[in-house]
Amino acid sequence: MSQPLLEVKNLRKYFKTPKGMLHAVDDVTFTIEKGKTLGVVGESGCGKSTTGRAILRLIEPTAGEVLFEGQDVVKLSAEEMRKKRTDMQIIFQDPFSSLNPRKTISQIIADPLKINKIITDKNEQMDRVRELMETVGLADRLINTYPHELDGGRRQRIGIARALALNPKFIVCDEPVSALDVSQNKMGLTYMFITHDLSVVNHFSDDIAVMYLGKLIEKAPSEELFAHPTHPYTQALLSAIPIPSLDNRRERILLKGEITSPIEPPKACRFANRCPYATDRCRSEEPQLKEISPGHFVSCFLTD
Ligand code: SF4
């Protein structure tokens, strides 16, 4: 096994609400090895985006450790973290609000090169901007256009080029579909790819982590997860992916039951209300993540 670039240990992010603490991310632990891509999947509100933001400290974690190359970034000062962010970048779904409307694409992509003094010569900056535009699939003729002249897909690509300009080691991609083709040509980078769509990450993720209501409930190498989905929620997610061959058609598992509230959730399996196999134990005890085969982790009493 190669060296982990990122080790997330017991990460928690709670938000205060008038009704009590909302457990957005609750005791999440995983690693991503250098050069690998982890797909993080789950429905809206499962905590996947909050996990990505807490790792980069765009929001402060409530508890836990985030070891990046062995160093806990949660303990870094604001200034140390600012420097660390050249190594750890995030790409958003539509970065429109973060793109200065008065700057052209070339200026936007060149900014991180200038600010961080990565390339100071103007001609070299432009060469690098052109190279980055090509990497992310932006035509050269767009170099002097402004963000509002472009569609959402192209704006995503500007965000990706801007992130790549800093030569990061690790990129969190929060649902930007345009990052897919860039990340397939991985350039030795390590990715955490957040999406609600399991079929999207299947093709390029080395590992897949499934989240449900703030908990990581299953993680496995991609092929293993698709071949042996073990948590009932993962099975339901997979059953929703259409298979082209009629011979292999899966029966769609429709989830019924009320979703457990993430505010002060009970000590129980958070999927119990919707799980067809739930027992009394599931409603009174919380299952822990366990390794059931090499690299395959599941949090469900059915594996006992
Ligand atoms: Fe279902 Fe129980 Fe497993 Fe939770 S622990 S997923 S309720 S069987």
Side-chain angles (χ1 to χ4, degrees), residues 8-15 19-31 38-51 62-64 194-202 205 207-243 250-304:
V8 175
K9 295 185 180 173
N10 311 106
L11 186 71
R12 293 173 201 268
K13 179 63 196 175
Y14 295 173
F15 294 99
K19 291 184 179 162
M21 281 292 187
L22 187 150
H23 295 213
V25 176
D26 214 351
D27 205 12
V28 164
T29 294
F30 63 85
T31 57
L38 173 71
V40 180
V41 189
E43 53 201 352
S44 159
C46 71
K48 55 192 191 307
S49 291
T50 309
T51 302
T62 306
I194 296 165
T195 177
H196 65 283
D197 188 348
L198 191 50
S199 62
V200 164
V201 284
N202 177 23
S205 292
D207 294 290
I208 295 178
V210 183
M211 287 188 69
Y212 186 81
L213 271 183
K215 290 278 182 186
L216 198 157
I217 51 117
E218 185 158 10
K219 180 179 180 245
S222 301
E223 274 181 26
E224 164 70 8
L225 190 100
F226 272 76
H228 304 114
T230 303
H231 195 285
Y233 176 64
T234 312
Q235 290 171 354
L237 279 185
L238 268 174
S239 79
I241 299 176
I243 300 179
R250 275 186 291 240
E251 202 177 321
R252 175 120 193 227
I253 303 167
L254 289 173
L255 295 175
K256 296 181 194 126
E258 207 178 305
I259 299 176
T260 302
S261 168
I263 298 173
E264 309 286 0
K267 282 249 169 297
C269 174
R270 293 199 187 164
F271 189 56
N273 284 354
R274 299 168 86 191
C275 180
Y277 312 106
T279 62
D280 288 347
R281 185 184 181 196
C282 307
R283 295 188 189 91
S284 59
E285 207 182 308
E286 209 172 340
Q288 302 300 315
L289 206 61
K290 275 198 300 200
E291 192 168 19
I292 57 161
S293 63
H296 191 163
F297 298 84
V298 185
S299 152
C300 172
F301 292 130
L302 288 178
T303 62
D304 282 357

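In listed order, ligands and their atoms are each counted from 1.
- Distance check, rounded to the nearest 0.5 Å: OG1 of T29 to CD of Q288 gives 10.0 Å.
- Taking 2.8 Å as the limit, the number of protein N, O or S atoms around atom 2 (Fe) of ligand 1 is 1.
- Atom CE of M21 is separated from atom CD of E264 by 7.5 Å, given to the nearest 0.5 angstrom.
- M211 contributes atom CE, which lies 6.0 Å from atom CG of L216 (distance to the nearest 0.5 angstrom).
- Residue-ligand proximity, H231 to ligand 1, at heavy-atom distances under 4.0 Å covers atoms 6 (S).
- Ring geometry for H23 against Y14 counts as parallel: the plane angle stays under 30°, on a 0 to 90° scale with 60° as the upper cut.
- Counting heavy atoms of neighbouring residues, nucleotides and ligands inside a 6.0 Å radius, atom CZ of F15 exceeds 12 of them.
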Subject >> Verdict with reasoning, T31 to K219, per side chain to side chain contact (heavy atoms under 4.5 Å, CB included) >> reply: CA-CA 10 Å; T31 57; K219 180 179 180 245; 4.3 Å; yes
